[in-house]
Protein chains: 2
Amino acid sequence: MHHLFSQIENYHPLSAAAKEALQDCFKKITLSKNESLLNEGQVCKQLYFLEKGAIRGFYNLDGKEITHWFGFENDFVTSFHSFITGDPAVENIQLLEGCVLWSISKEQLTQLLDQFHEIERLVRIVYEKYYIRLEERFVNAQFKTAKELYENLLEQTPHILERVPLGAVASYLGISQETLSRIRSQF
Amino acid sequence: MHHLFSQIENYHPLSAAAKEALQDCFKKITLSKNESLLNEGQVCKQLYFLEKGAIRGFYNLDGKEITHWFGFENDFVTSFHSFITGDPAVENIQLLEGCVLWSISKEQLTQLLDQFHEIERLVRIVYEKYYIRLEERFVNAQFKTAKELYENLLEQTPHILERVPLGAVASYLGISQETLSRIRSQF
DNA sequence: TATAATTTTTGACCAATGTCAAAAAACGAA
DNA sequence: TTCGTTTTTTGACATTGGTCAAAAATTATA
């Protein structure tokens, strides 16, 4: 559990009391490749911290699987839309590798948010960070060419290309697998 | 100031004490069309609540002005990236109409976040809502055709088309003005 | 290993959308 | 109203990237 807390405290330091409370809530989960954390249509009631491994969120569009996001070491993972709103998820969450995760339920988190201002702050700060991340992806998606998107990925998150099948990467970038393959062959 | 608080309390109800503290911080601003709230390169130190009017955030890309977002009545408006990180903004914020705004500085907000758990919660909830909004725009940007994007806009936010020049709408959708014009003529 | 299943690459073709330039329309100020 | 500016539309053309199908390469399994 050390690792979990050292990562959490990168966002915001916590008192002993808050850490204890969190400790009581987070449950360790170990799952193997290809298992699912969530299927579309289900309400996502868990927030996960990914200690080790790789995960993807994907949804179906015209019969194709579109990768919405990847999660790697030290990412918080959930279907944010479903977790926040309580609506059924449009996305599936599936393991790309065997993973070690820490899980907390929305109910538990809600209680902690009531009890601890500092946890409320932690969550607020996490949202800030994730908002900014998403904004960057959005701007890229709107105006970069397929080649630029690939170059970006190579520079900023090369581990994605090393750990994830190409088809999943292509839809993550918003391009076809064939186009991604052709771009790659130019390098 | 009634209006401001009734909108804020749509996100999260506040105690009298928290409201008073907020009241002391929010300053009313009235500006006219085409004035700027922020120029690229400046650090955005203010968060605005837009009571009346219309605003856009835009940045420059290859000599073109790209509309990043629109703000209308009851939106919170800032350069989120710059406001959160303290980095110089890449975007400009400009009034599309005369506006009535309420302004609070980052410093003031930071103090309130320290003093009031409930304001921390308010902000956390605002981020949740804005995160989800952005996620929807992102998914659209990645996989919808120009025509679908226009139809979406017509259905979900028709006021944008009524209040904003077409060029600004086109870059907001991530398509060229000419394409938007052609699509429009089909309706 | 050998075989099957999956993933990636390649080729041919096509549709959607961008670009540039000019005309038309709408808007604003004198 | 009229003139000048800005915005929107239209036309011709180029280009990016998508689609479908098949081959090649890689990976998994018996």
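Everything numeric in this text was worked out from a predicted model, so none of it was measured. No hydrogens, no waters, no symmetry mates; every other heavy atom, side chains included, goes into these values.
- Remark: P of dT29(D) and CG of N34(A) are 10 Å apart, rounded to the nearest angstrom.
- Classification of E120(A) and R124(A) as a salt-bridged pair fails, no side-chain N sitting under 4.0 Å from a carboxylate O.
- For residues 126-149 of chain B, every residue pair satisfying the ring-ring contact (aromatic ring centres under 6.0 Å, His included) rule, not counting sequence neighbours, is listed here: F80(A)-Y131(B), F80(B)-Y130(B).
- Between the side chain of K19(A) and the backbone N or O of P13(A), no donor-acceptor pair lies under 3.5 Å.
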Write out a two-atom table: protein N or O, nucleotide N or O from nucleotides 16-20 of chain D, distance below 3.5 Å.
{"from": "dG17(D)", "atom 1": "OP1", "to": "A146(A)", "atom 2": "N", "distance (Å)": "2.6"}
{"from": "dG18(D)", "atom 1": "OP2", "to": "S176(A)", "atom 2": "N", "distance (Å)": "3.1"}
{"from": "dG18(D)", "atom 1": "OP2", "to": "S176(A)", "atom 2": "OG", "distance (Å)": "3.1"}
{"from": "dG18(D)", "atom 1": "OP2", "to": "T179(A)", "atom 2": "OG1", "distance (Å)": "2.7"}
{"from": "dT19(D)", "atom 1": "OP1", "to": "K64(A)", "atom 2": "NZ", "distance (Å)": "3.3"}
{"from": "dC20(D)", "atom 1": "N4", "to": "E178(A)", "atom 2": "OE2", "distance (Å)": "3.2"}

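- A salt bridge does not link E178(B) with R182(B): every distance from a Lys NZ or Arg NE/NH1/NH2 to an Asp or Glu carboxylate oxygen is 4.0 Å or more.
- Rounded to whole angstrom, the span from the CD atom of Q186(A) across to the C1' atom of dT10(C) amounts to 13 Å.
- Residues that satisfy the ring-ring contact (aromatic ring centres under 6.0 Å, His included) test with F70(A), not counting sequence neighbours, are Y172(A).
- When rounded to the nearest whole Å, the span between OH of Y150(B) and C1' of dT8(D) equals 13 Å.
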Please output the side-chain donor-acceptor pairs of residues 35-45 of chain A that fall under 3.5 Å, not counting sequence neighbours, one pair per line with the distance.
{"from": "E35(A)", "atom 1": "OE2", "to": "S32(A)", "atom 2": "N", "distance (Å)": "2.8"}
{"from": "E35(A)", "atom 1": "OE2", "to": "S32(A)", "atom 2": "OG", "distance (Å)": "3.0"}
{"from": "E40(A)", "atom 1": "OE2", "to": "N60(A)", "atom 2": "ND2", "distance (Å)": "2.9"}
{"from": "Q42(A)", "atom 1": "OE1", "to": "N39(A)", "atom 2": "N", "distance (Å)": "2.9"}

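- Summarising the geometry, the separation between NZ on K33(B) and P on dT6(D) is reported as 13 Å, rounded to the nearest angstrom.
- Terminal axes of the helix from dT1(C)-dA30(D) to dA30(C)-dT1(D) (five pairs each, C1' rotation axis) are separated by 50°, to the nearest 10°.
- In this structure, L173(B) places its CG atom 15 Å from C1' of dG18(C), rounding to the nearest Å.
- Proximity of K106(A) to Q46(A): side-chain heavy atoms (C-beta onward) are nowhere separated by under 4.5 Å.
- Rounded to an integer number of Å, the gap from CZ of R184(A) to C1' of dT10(C) is 14 Å.
- Here ring-ring contact (aromatic ring centres under 6.0 Å, His included) pairs that include residues 6-57 of chain A, with residues two or more places apart or in two chains, are Y11(A)-F76(A), F49(A)-F76(A).
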